[in-house]
Amino acid sequence: MTQTADPPLEGRTSSAHAIGRIAWCAFNDATTNSLGELGASFQQLDGAVGTSSATGLLLRTCHRVEWYEAEPAMVATAPLSIRLSRRITGHDAAASRLTQIAAGTMSLILGEQLVFQQVHAAFDRLPIDHPLRPAGAEVLLLADQARRRFGLRARLDYRDLARTLPGVSTAQSSNLVVVGGGMLAQAVAHELGDDRRVFLLTRNPKKLRRLLRTGSAGTTVLRITDLPDTVRDSGFDLVLATSGLTPQYRDHIARLVDAAARRLVVDLCATPVLHECSNYQHLYHPAVTDLIEDANRPTIEAARAASSWIESHYGGRS
């Protein structure tokens with residue numbers, strides 16, 4: 001693996017792309033940046049221009065921002081208007097990393113399923129003639145094979161976590177408010193929608209209403225400013241599941257947290273949205289990470305074996 005800090009981004013020059021091959025990737029994640037810095041990256045990305053490209057792919061999850069550039073890399077500057085801390089060069093090394101991400105071997109929750117769907121969605125958004133689409137098919141096929149071959153599956157996944165955390169399982173309130181419109185927020189709403197009234201708050205409710213499965217019929221999708229006063233007054237638990245944390249969005253969340261009838265807050269964002277407040281549980285609190293580690297201890301060896309198998313497929317480069 002070739003990995004350097006703050007590298008130059010000049011690449012090869014050629015008249016045609018090597019279809020399906022990755023020239024390099026650059027990224028910010030928990031190994032390169034603090035949680036606060038990750039949060040700043042997400043905030044900058046919300047206003048970034050150029051997140052779509054004829055030659056590049058943006059992968060954004062709650063725990064990482066990554067850019068993959070097709071061969072030959074013809075740009076002289078980073079395609080995003082945010083600082084990416086690390087870079088890996090060459091198809092084998094970059095594809096090995098991306099495959100391990102998709103398989104869930106590099107996740108906080110080893111073997112989690114949502115990240116595979118997020119990688120799949122990132123490639124699915126590319127134009128049909130995009131040079132990286134074949135790389136996506138290669139990566140996703142290999143990641144799926146690794147998961148199946150080694151039985152790589154989280155015993156406690158993100159959607160299970162929302163139900164398992166102390167306080168959530170006892171349903172302090174019959175109303176659950178989930179902030180976010182991505183896969184994580186949808187999974188939480190779907191998991192808990194049978195037991196409680198779920199209000200899913202997002203900036204684009206029309207789009208989310210079209211995406212939700214019919215099985216989420218018990219979930220009400222609203223703009224983040226439109227939570228009914230009856231819910232605010234009668235009491236609700238709050239789950240935060242978004243990386244789109246602009247200052248304005250944080251202000252909206254703060255008002256929800258400060259509501260008199262707000263009870264529990266479960267924060268599944270990579271970077272804590274709030275300072276400490278009453279009944280607040282963050283994904284990286286020791287009690288939560290201990291719960292994740294204990295539940296998923298049987299997955300550790302499967303994740304290691306899957307990671308080694310993927311690396312060997314790419315000649316040991318990752």
Side-chain angles (χ1 to χ4, degrees), residues 1 3-7 9 22 24-48 50-53 56-69 78-89 93-126 132 135-136 139-140 143 146 152 154 157-158 161 180-185 187 240-246 267-273 282-284 289 292 303 306-307 310 318:
M1 177 174 73
Q3 182 169 304
T4 58
D6 301 324
L9 295 179
I22 303 169
W24 53 264
C25 72
F27 57 92
N28 289 351
D29 65 9
T31 69
T32 64
N33 296 80
S34 69
L35 296 180
E37 290 167 341
L38 273 181
S41 295
F42 297 143
Q43 182 176 319
Q44 293 170 33
L45 190 59
D46 272 340
T51 55
S52 61
S53 164
L57 167 81
L58 172 68
L59 175 64
R60 174 185 179 179
T61 74
C62 285
H63 299 270
R64 65 183 72 253
V65 177
E66 312 221 353
W67 185 270
Y68 292 80
E69 184 69 27
L80 297 178
S81 59
I82 63 174
R83 184 186 183 93
L84 296 174
S85 300
R86 293 290 186 270
R87 177 177 159 180
I88 293 175
T89 59
S96 177
R97 173 181 175 81
L98 185 54
T99 304
Q100 291 178 68
I101 291 171
T105 67
M106 300 179 73
S107 298
L108 174 67
I109 298 179
L110 292 174
E112 54 115 342
Q113 301 175 67
L114 285 175
V115 71
F116 184 92
Q117 298 172 33
Q118 289 169 322
V119 174
H120 187 284
F123 278 100
D124 204 41
R125 286 191 291 267
L126 297 178
L132 285 182
V139 160
L140 290 165
L152 183 54
D157 212 334
Y158 283 105
L161 184 63
M183 291 181 184
L184 177 57
L240 307 178
T242 179
S243 59
L245 298 173
T246 63
D267 186 351
L268 301 180
C269 302
T271 179
V273 177
H282 181 254
L283 186 62
Y284 283 94
T289 55
I292 293 170
S307 183
I310 292 168
S318 66

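The heavy-atom pair separating T242 from G180 by the smallest distance is CB-CA, 3.9 Å. Heavy-atom minimum distance, I22 versus A94: CG2-CB, 3.6 Å. When all heavy atoms of V139 and A95 are compared, the pair lying nearest together is CG2-O, 4.1 Å. Taking each heavy atom of A154 and I109 in turn, the nearest pair found is CB-CG2, 3.7 Å. The two residues S53 and G56 make their nearest non-hydrogen contact at OG-N, 3.1 Å.
Rounded to the nearest 0.5 angstrom, R87 CZ and W67 CH2 are separated by 14.0 Å. The distance from the NE2 atom of H63 to the CG atom of N33 is 14.0 Å, given to the nearest 0.5 Å. The line from CZ of R86 to CG of D29 is 9.5 Å long, rounded to the nearest 0.5 Å. Atom-to-atom distance recorded for L184:CG and Q117:CD is 11.0 Å, nearest 0.5 angstrom. To the nearest 0.5 Å, atoms CZ (F116) and OG1 (T99) are separated by 10.0 Å. Taking SG of C25 as the start and CD of E69 as the end, the distance is 11.0 Å to the nearest 0.5 Å.
Between the side chain of N28 and the backbone N or O of S85, at least one donor-acceptor pair lies under 3.5 Å.
Take T61 and apply the side-chain hydrogen bond (donor to acceptor under 3.5 Å, both in side chains) test, not counting sequence neighbours, and it matches no residue. Remark: A146 pairs with A306, W309, I310 by the side-chain contact (heavy atoms from CB on, under 4.5 Å) rule, at least two apart or across chains. The side-chain contact (heavy atoms from CB on, under 4.5 Å) check on L110 picks up T299, I300, A303, with sequence neighbours excluded. Scanning for side-chain contact (heavy atoms from CB on, under 4.5 Å) contacts around A185 gives V178, L200, A241, with sequence neighbours left out. Among residues two or more places apart in sequence or in another chain, the side-chain hydrogen bond (donor to acceptor under 3.5 Å, both in side chains) test is passed with S107 by E112.
Side chains of L58 and V65 form a contact here, defined as non-hydrogen atoms less than 4.5 Å apart. L59 has its side chain out of reach of F27: every pair of non-hydrogen atoms, C-beta onward, lies at least 4.5 Å apart. Counting only heavy atoms from C-beta outward, the side chains of F123 and L98 approach each other to under 4.5 Å.
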- R64 and I101: CA distance, side-chain angles, deciding distance, side-chain contact (heavy atoms from CB on, under 4.5 Å) verdict: CA-CA 10 Å; R64 65 183 72 253; I101 291 171; 3.7 Å; yes

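Between the side chains of Q100 and S96, at least one donor-acceptor pair of N or O atoms lies under 3.5 Å.
With L283 as the fixed residue, the side-chain contact (heavy atoms from CB on, under 4.5 Å) test singles out one of L240, D267, I292, T289: I292.
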